[in-house]
Amino acid sequence: MKGALTSLAASFVMLSASAFCQTSSMTLPSVVAAGSAFSIPTSGSGDGFLYIIGPSQAIKQPVHLGDPISFAAGDLHSAGTYLAILVTG
């Protein structure tokens, strides 16, 4: 089952919420293999939080805009559709 799980793809849907009219963005990969490492490049400046919500899992990660957001292998362990929300300000 684990081998089959890692061969499935997890896709992302992005919703970016920004406070105080601050311009920021992130570029999400269209497909990530479940259980694999990946990073999300960001632009802008300042600090915020990235919330990732998916099947049987939710993650809150502090971010510094302009730096990539890195995820280690296994951080997102379930295949499926995820929602990524970037909150700044």
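Numbering of residues begins at 1 and proceeds along the displayed sequence.
- Partners of Ser36 under the side-chain contact (heavy atoms from CB on, under 4.5 Å) rule, at least two apart in sequence or in another chain, are Val32, Ala33.
- Scored by the side-chain contact (heavy atoms from CB on, under 4.5 Å) test, Phe49 finds Tyr51, Lys60, Pro62 as partners (sequence neighbours excluded).
- Summarising the geometry of Tyr82 relative to Gly54, their closest heavy-atom pair is CD2-CA, 3.4 Å, with the distance given to 0.1 Å.
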Next item on the list: Could you check Val63 against Leu86 for side chain to side chain contact (heavy atoms under 4.5 Å, CB included), going step by step and ending with a plain yes or no?
Entry: CA-CA 9 Å; Val63 298; Leu86 178 63; 3.8 Å; yes
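- Taking CG from Leu50 and CD1 from Ile40, the interatomic distance works out to 5.5 Å, rounded to the nearest 0.5 Å.
- Under the rule for a side-chain contact (heavy atoms from CB on, under 4.5 Å), the partners of Pro41 that lie at least two apart in sequence or sit in another chain are Thr27.
- Taking every heavy atom of both residues into account, Ser78 and Gln57 meet most closely at N-OE1, 4.3 Å.
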Return a table of donor-acceptor pairs under 3.5 angstrom between the side chains of residues 64-76 and protein atoms on other chains or two or more places apart.
{"unit_1": "His64", "atom_1": "ND1", "unit_2": "Gly46", "atom_2": "O", "d": "3.3"}
{"unit_1": "His64", "atom_1": "ND1", "unit_2": "Asp47", "atom_2": "OD1", "d": "2.8"}
{"unit_1": "Asp75", "atom_1": "OD2", "unit_2": "Ala72", "atom_2": "N", "d": "2.8"}

